[in-house]
Amino acid sequence: MNQQLTGQRVLVVGGARDLGLAVARAVAAEGATAVVGARDAARAAAAAGTIEGAKSVRVDVTDEVSIVAALREAGPLDHVVVLASAHHNVPVTELDHDRTVAAFEAKVIGPLMLAKHTARGLPAHGSIVLFSGVAAWNPSPGYAVMGIANGAVAFAVQHLAAELAPVRVNAVSPGIVDSGSWDGLGAGKPAFLAQAAGGTLVGRAGSADDVTAAVVWLLGAGFVSGETIHVEGGARLR
Ligand SMILES: NC(=O)c1ccc[n+]([C@@H]2O[C@H](COP(=O)([O-])OP(=O)(O)OC[C@H]3O[C@@H](n4cnc5c(N)ncnc54)[C@H](OP(=O)(O)O)[C@@H]3O)[C@@H](O)[C@H]2O)c1
């Protein structure tokens with residue numbers, strides 16, 4: 001750790017669990033004050049309680065009122081990292097309209113609303129990091145919504161970066177990461193991760209550390225904007 005974020009304040013939306021919690025811990029380890037954002041205030045506070053100096057706010061990116069309230073409560077920020085996602089992984093012939101809208105709200109529209117309300121308050125060295133995902137570049141039956149939404153994120157950061165400059169806007173695009181979010185697969189998780197490993201060039205699934213290293217780097221990368229950093233072991237190339 002080189003404490004490159006000392007004195008800075010980083011809001012991590014979706015920061016109470018899985019990759020988001022790992023990001024909140026990583027930015028705190030770099031000297032930042034992590035502000036953990038989650039839809040459930042108690043869960044956000046509990047997560048923040050495990051990180052030295054961290055704060056918490058309740059935020060639901062699908063609710064603009066909650067975004068405004070959360071930003072007011074969070075106080076001045078240097079960076080915002082958004083990990084919100086709502087999966088709807090079914091064949092196109094089985095799409096549910098409301099769940100499709102919810103997926104785009106969590107991943108695309110919500111981050112746009114966060115950008116709307118944070119952009120003018122961020123300092124010139126500040127940045128926004130959104131989360132895309134490898135599904136955008138690896139079309140696969142049953143993953144159209146995830147793929148299209150993640151692809152939209154890669155375009156969103158380019159447009160936001162151009163409009164919100166000098167604030168930088170970037171994305172991280174993870175491959176399959178054993179983040180905790182796959183624990184629901186139960187006994188099927190090892191086989192799922194082994195299959196994911198076989199779909200990379202490096203022969204393994206990702207770790208939370210792989211992803212947090214990219215986020216921390218982007219927060220300090222003052223000459224990088226509008227970029228999507230692929231953290232997926234070359235999975236797009238298999
Ligand atoms: N893990 C992977 O293999 C992988 C692969 C590719 C891309 N990604 C992307 O990386 C990001 C984090 O992944 P993960 O594995 O940690 O995902 P996850 O376990 O599904 O967590 C999703 C997060 O989104 C938050 N969230 C959902 N809806 C929200 C809303 N309306 N407002 C605010 N927060 C909301 C949840 O917070 P609550 O606590 O409020 O529920 C949770 O922290 C996601 O964007 C995901 O698409 C992950």
Side-chain angles (χ1 to χ4, degrees), residues 1-38 44 47-48 50-57 59 61 74 77-85 106-108 110-111 114-115 118-119 122-123 125-136 149-150 153-154 156-158 160-161 164 167-181 202 205-233 235:
M1 304 300 166
N2 56 20
Q3 299 288 301
Q4 66 160 318
L5 298 174
T6 296
Q8 301 195 29
R9 293 170 60 86
V10 183
L11 171 61
V12 184
V13 176
R17 60 184 168 96
D18 302 332
L19 278 180
L21 180 55
V23 168
R25 288 190 170 130
V27 299
E30 291 292 340
T33 298
V35 183
V36 174
T50 68
I51 304 170
E52 194 178 340
K55 317 278 183 210
S56 66
V57 293
V59 61
V61 299
L77 295 168
D78 297 280
H79 307 278
V80 179
V81 184
V82 192
L83 297 100
S85 70
K107 201 89 200 205
V108 184
L114 264 166
T118 51
L122 294 178
H125 69 264
S127 74
I128 297 171
V129 174
L130 306 184
F131 265 69
S132 180
V134 70
N150 281 332
V153 172
V157 296
Q158 296 182 39
L160 291 172
L164 304 182
V167 169
R168 295 174 298 108
V169 186
N170 294 295
V172 172
S173 177
I176 299 300
V177 176
D178 189 5
S179 60
S181 68
V202 300
S207 68
D209 286 349
D210 292 322
V211 175
T212 61
V215 174
V216 167
W217 181 78
L218 274 176
L219 296 182
F223 206 48
V224 179
S225 195
E227 192 59 82
T228 295
I229 304 295
H230 299 274
V231 184
E232 32 77 308

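Given the structure is predicted, the values throughout are model-derived calculations rather than measurements.
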field: 4.5 Å side-chain heavy-atom contact, Val216 and Val23
entry: no

query: For Lys55 and Thr33, which heavy atoms make the closest approach, and how far apart are they?
result: CG-CG2, 4.1 Å

- prompt: With respect to Leu130, which candidate in Val172, Val108, Thr228, Val82 satisfies the side chain to side chain contact (heavy atoms under 4.5 Å, CB included) definition?
  reply: Val82

query: Lys107 and Asn150: side-chain contact (heavy atoms from CB on, under 4.5 Å), yes or no, with the steps?
result: CA-CA 7 Å; Lys107 201 89 200 205; Asn150 281 332; 2.9 Å; yes

- prompt: Taking it one step at a time, do Val215 and Phe131 satisfy side-chain contact (heavy atoms from CB on, under 4.5 Å)?
  reply: CA-CA 10 Å; Val215 174; Phe131 265 69; 3.7 Å; yes

Side-chain heavy atoms of Gln8 within contact of Leu5, under 4.5 Å: yes

query: To the nearest 0.5 Å, how far apart are CG in Asp178 and CG in Asp210?
result: 11.0 Å

field: Ser225 side, atom OG; Leu218 side, atom CG - distance, nearest 0.5 Å
entry: 9.5 Å

field: Value rounded to 0.5 Å, distance of OG1 in Thr50 from CG in Leu21
entry: 5.5 Å

query: From Arg9 CZ over to Leu122 CG, what is the distance, rounded to the nearest 0.5 angstrom?
result: 12.0 Å

- request: Please identify each residue that fulfils salt bridge (charged side-chain N to carboxylate O under 4.0 Å, His left out) with Asp78, with sequence neighbours left out.
  value: none

query: Taking all atoms of both residues into account, what is the closest heavy-atom pair of Ala32 and Val10, and its distance?
result: CB-CG2, 3.9 Å

- request: Tell me, with the steps shown, if Ile128 and Val81 meet side-chain contact (heavy atoms from CB on, under 4.5 Å).
  value: CA-CA 6 Å; Ile128 297 171; Val81 184; over 6 Å; no

- prompt: How many angstroms lie between NE2 in His79 and NE2 in His125, if you round to the nearest 0.5 Å?
  reply: 5.0 Å

query: How would you list, by chain and number, every residue that makes a salt bridge (charged side-chain N to carboxylate O under 4.0 Å, His left out) with Asp18, sequence neighbours excluded?
result: none

Euclidean distance, Phe223 CZ relative to Arg168 CZ, rounded to 0.5 Å: 11.5 Å

- prompt: Are Asn170 and Val157 close enough that some pair of their side-chain heavy atoms sits under 4.5 Å apart?
  reply: no

statement: In terms of heavy-atom contacts, Ser179 and Leu19 come closest through CB-CG, 3.5 Å

message: Quick one, Val35 with Val12, criterion side-chain contact (heavy atoms from CB on, under 4.5 Å). Give me CA distance, side-chain angles, the key distance, then yes/no.
response: CA-CA 6 Å; Val35 183; Val12 184; over 6 Å; no

